[in-house]
> 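One structure follows; several queries about it will come next.
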There are 2 protein chains.
Amino acid sequence: MPKVTFFNLPEDKRATLILSLKKEFSRVPLYDASISNIVKAAGIPRGSFYQYFEDKEDAFFFILNDFVACINHQFFTLIKKYNGDLFDTMQEFFQIIIEEEENVHFFRNAFLNMTYRIESTFSRIFKEHETNNNLKVLSSLLNTSILNFSSEEELNHLLQIISAVTFRNIVEKFAKELPNEEALRRYRLELTLLKSGLVRHLERESRGTS
Amino acid sequence: MPKVTFFNLPEDKRATLILSLKKEFSRVPLYDASISNIVKAAGIPRGSFYQYFEDKEDAFFFILNDFVACINHQFFTLIKKYNGDLFDTMQEFFQIIIEEEENVHFFRNAFLNMTYRIESTFSRIFKEHETNNNLKVLSSLLNTSILNFSSEEELNHLLQIISAVTFRNIVEKFAKELPNEEALRRYRLELTLLKSGLVRHLERESRGTS
DNA sequence: ATAATATATGACAAGGTGTCATAAGTCAAT
DNA sequence: ATTGACTTATGACACCTTGTCATATATTAT
C-alpha cells in the first residue's frame, strides 16, 4: 500500500504520478521497470518516490489493484446481465479484456509475467478474500442450477478451473498476438469442452461418436 | 542456448558451474538471481560467465530445459504405465512434481514466477513444438476412446486445459505451502470436475441432484 | 512567533550488469 | 622449437539501479 503521504498529494500531482506509473509499467514488465524513468516522467525527485511508495512493487500493485477492482465490477455487472449464466458471462468477460485498448500494454506485461502475486490479485475476482466477499456474492448471483457442484468447496474449485483456463487463454492471446476473433474462437472451444467434460459420455451427446 | 565454449568445458568445471546455477536459482527467482553470486560460488571470474552464456536468462533456461526434458520423459513413462489413461497419468504426474525433494526450491521459484517463457517451457510437454513431436506421440499413446474430442485441435485444447489446471494446482501448493496430501486431494477434486464437466447433467450422474 | 510535525530533495553508498583490452593457453604447420 | 592463428580466461571498468539519509523547506497547531 502506498504511504499516507501519497494520498495526501494534491489531486493533479497524484494524477501525473499515476500516469507516469502506468506509462512505465506499460513499457516493460514490473521487474524491468525503472524508478528513474518514473520520476523523470512525473517530474519529481527520486527521494519523493520513496515518500509515496515502499518500492516499485508497491506502486505496481497499487495500479494493478485499481484495474482489478474495475474489472471485478464489470464482471459482476455481466453476471447480472446474463442472469447468472457463468459461461456467457465469462465469454463476454474474456472479450472485454482482450478488446481493452487504453491499457493493453499494461495488461500484456502483467499477463506475460504472471508472478503468483499478480495472478493472485487477478483471481481475487473469483475467490473469497479479506477485501471482498466474492464467493458468497457470486454464489447468490450465479444460476447454480446449471452448475455441477454440490458443496461450496466444489463451487470454489469450479471457479478456479474457469479462471485458470481464462487466464491461460488471455496469456496465449497476448503471447501469440492472436486476432481477437481467433482468440475468442479458441476460448469458446475450451469453454465448451469444460462444460461438457473432458471424458466422453456416449449417452449424452453425439460429438465425436460417429 | 549456452555458447559452444560452455559445452567444451571440462566435465568437472561444467558440473560445478551447473551446481552453482541451480543453487542460485533455488535461492531466488530468475529476476533476483545474481551473476555475482553464481561466479563466486563456481569460483570462476565474472568474464567467464559471459563466455559461456548470453546472460542470466540463457543460463536459467538451460537448467530449466534440462529439468523439463526429464519431467517430459517421466510423463511419457506414466502414460504407458496407466495404459493411456490421461487422468490417472496426470494424478501421478502431479504427485511426482510436488513430492520432488532435491529441487523443490528451484521449482518453487519457477512456478511462483511463471513468466510466459517459463510456462511455455513447461507446457512444451503437452504441446507440439519444434523440439518434439508430443501431440502426435501423445495422440498415439493416449486411450482416446475415453476422451471427449473429435479433432486434433480439440485434443490440443483438452490438453491445454488439463495442463493449465495442473500448473495452477502446483502453484497453489507452493504458494500456500499445502501438505502434499491436501494438495493432491484438491487436485483430484478438480480432475473429477473436469472429467464430468462443469455443467450439471441430470441424466448422467447423481452428484448434487439430491 | 515558536515549536512540532510533515514533506521535499538530491547526493551518495552499495551493488548489479555487460564489455573490453589484455593475458594466457592451445594447436597446426613449418 | 618457433611462429602464427585461434580459442579461452580474466578482472577492471563504465554505466545503471536501488534505497537511504542529512538537510532544507512547508505546514500546522499553539
Side-chain angles (χ1 to χ4, degrees), chain A residues 1-64 109 113 115 117-118, chain B residues 1-64 106 109-110 113 115 117-118:
Chain A
M1 276 281 286
K3 305 182 181 175
V4 275
T5 318
F6 175 73
F7 294 107
N8 291 337
L9 241 36
E11 197 74 23
D12 59 332
K13 192 171 180 185
R14 197 170 72 229
T16 309
L17 180 46
I18 288 178
L19 264 183
S20 307
L21 288 172
K22 288 184 181 170
K23 189 178 165 199
E24 179 66 1
F25 293 130
S26 295
R27 189 182 66 86
V28 285
L30 172 53
Y31 284 102
D32 295 326
S34 132
I35 294 175
S36 304
N37 275 339
I38 295 166
V39 297
K40 209 188 305 165
I44 60 171
R46 179 176 192 78
S48 290
F49 181 91
Y50 290 94
Q51 299 274 11
Y52 309 143
F53 304 104
E54 288 300 331
D55 50 25
K56 225 177 8 178
E57 285 222 338
D58 190 28
F60 178 84
F61 283 99
F62 166 70
I63 302 290
L64 183 61
N109 286 329
N113 297 273
T115 60
R117 188 157 170 215
I118 295 179
Chain B
M1 277 281 286
K3 306 183 181 175
V4 275
T5 319
F6 174 74
F7 296 107
N8 291 336
L9 241 35
E11 196 75 22
D12 57 333
K13 192 172 180 184
R14 197 171 72 228
T16 308
L17 180 48
I18 289 178
L19 265 183
S20 307
L21 289 171
K22 288 185 181 170
K23 189 177 165 196
E24 180 66 0
F25 293 130
S26 296
R27 188 181 68 84
V28 285
L30 172 53
Y31 284 103
D32 296 326
S34 133
I35 294 175
S36 304
N37 275 339
I38 295 166
V39 298
K40 208 188 306 164
I44 60 170
R46 181 177 191 78
S48 289
F49 181 91
Y50 290 94
Q51 299 275 12
Y52 308 144
F53 304 104
E54 287 301 331
D55 52 24
K56 224 177 6 178
E57 285 222 338
D58 190 29
F60 178 83
F61 284 98
F62 167 70
I63 302 289
L64 184 61
F106 181 93
N109 286 328
N113 297 273
T115 60
R117 189 159 170 214
I118 293 179

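Order of the sequence lines sets the chain letters (A, B, ...), proteins ahead of strands, with each chain counted from 1. The basis for the numbers below is simple: all heavy atoms, side chains too, and nothing from hydrogens, waters or symmetry mates.
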> Can you check the A:Lys40 NZ to C:dT9 C1' distance for me, whole Å?
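To the nearest whole Å, that distance equals 18 Å.
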> Tell me the interatomic distance from B:Leu17, atom CG, to D:dT10, atom P, rounded to whole angstroms.
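Checked: the CG to P distance equals 13 Å.
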> Under 4.0 Å, counting only non-hydrogen atoms across every strand here, what does A:Ser48 touch: a base, just sugar-phosphate, or nothing?
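Touches a base.
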> Indicate for each nucleotide in nucleotides 16-21 of chain C, in 5' to 3' sequence, whether protein heavy atoms under 4.0 Å reach the base (B), only the sugar-phosphate (S), or nothing (-).
SBBB--
> Would you find a donor on one side and an acceptor on the other, under 3.5 Å apart, between the side chain of B:Ser48 and the backbone of B:Ile44?
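Answer holds: no.
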> Short question: side chain of B:Lys3, backbone of B:Tyr50 - any donor-acceptor pair under 3.5 Å?
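Yes; at least one donor-acceptor contact below 3.5 Å.
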> OP1 or OP2 of D:dA9 less than 4.0 angstrom from a side-chain nitrogen or oxygen of B:Lys13, does that happen here?
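Yes, such a contact exists.
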> Would you check if B:Leu17 and B:Phe6 make a side-chain contact, meaning some heavy-atom pair closer than 4.5 Å?
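The answer is yes; the side chains approach within 4.5 Å.
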> Can you tell me how far C1' of D:dT18 sits from CZ of A:Phe53, to the nearest Å?
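Taking atom C1' of D:dT18 as the reference, CZ of A:Phe53 is at 16 Å.
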> Can B:Arg14 be said to sit on top of B:Phe7's aromatic six-ring, NZ or CZ under 6.0 Å from centre and within 45° of the ring axis?
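Checked: cation-pi criterion not met.
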> Heavy atoms, side chains only, cut-off 4.5 Å: are B:Lys13 and B:Pro10 in contact?
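With C-beta onward as the side chain, the pair touches.
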> Using whole Å, what does the distance between atom C1' of nucleotide C:dG25 and atom CG of B:Leu9 come to?
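Atom CG in B:Leu9 sits about 14 Å away from atom C1' in C:dG25.
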> Quick one: is B:Tyr52 getting a side-chain N or O under 4.0 Å of the D:dA9 phosphate, OP1 or OP2?
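For B:Tyr52, the contact criterion (side-chain N or O under 4.0 Å from OP1 or OP2 of D:dA9) is met.
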> Could you check how far CZ of A:Phe6 sits from P of C:dT7, rounded to whole Å?
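Atom-to-atom, A:Phe6 to C:dT7, this comes out as 13 Å.
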> Tell me whether the rings of B:Phe60 and B:Phe25 are parallel (<30°), tilted (30 to 60°) or perpendicular (>60°).
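B:Phe60 and B:Phe25: perpendicular rings.
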> Would you please confirm or rule out a distance under 4.0 Å between OP1 or OP2 of C:dT7 and any side-chain N or O of A:Asn8?
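Answer yes for this pair, as a side-chain N or O of A:Asn8 is under 4.0 Å from OP1 or OP2.
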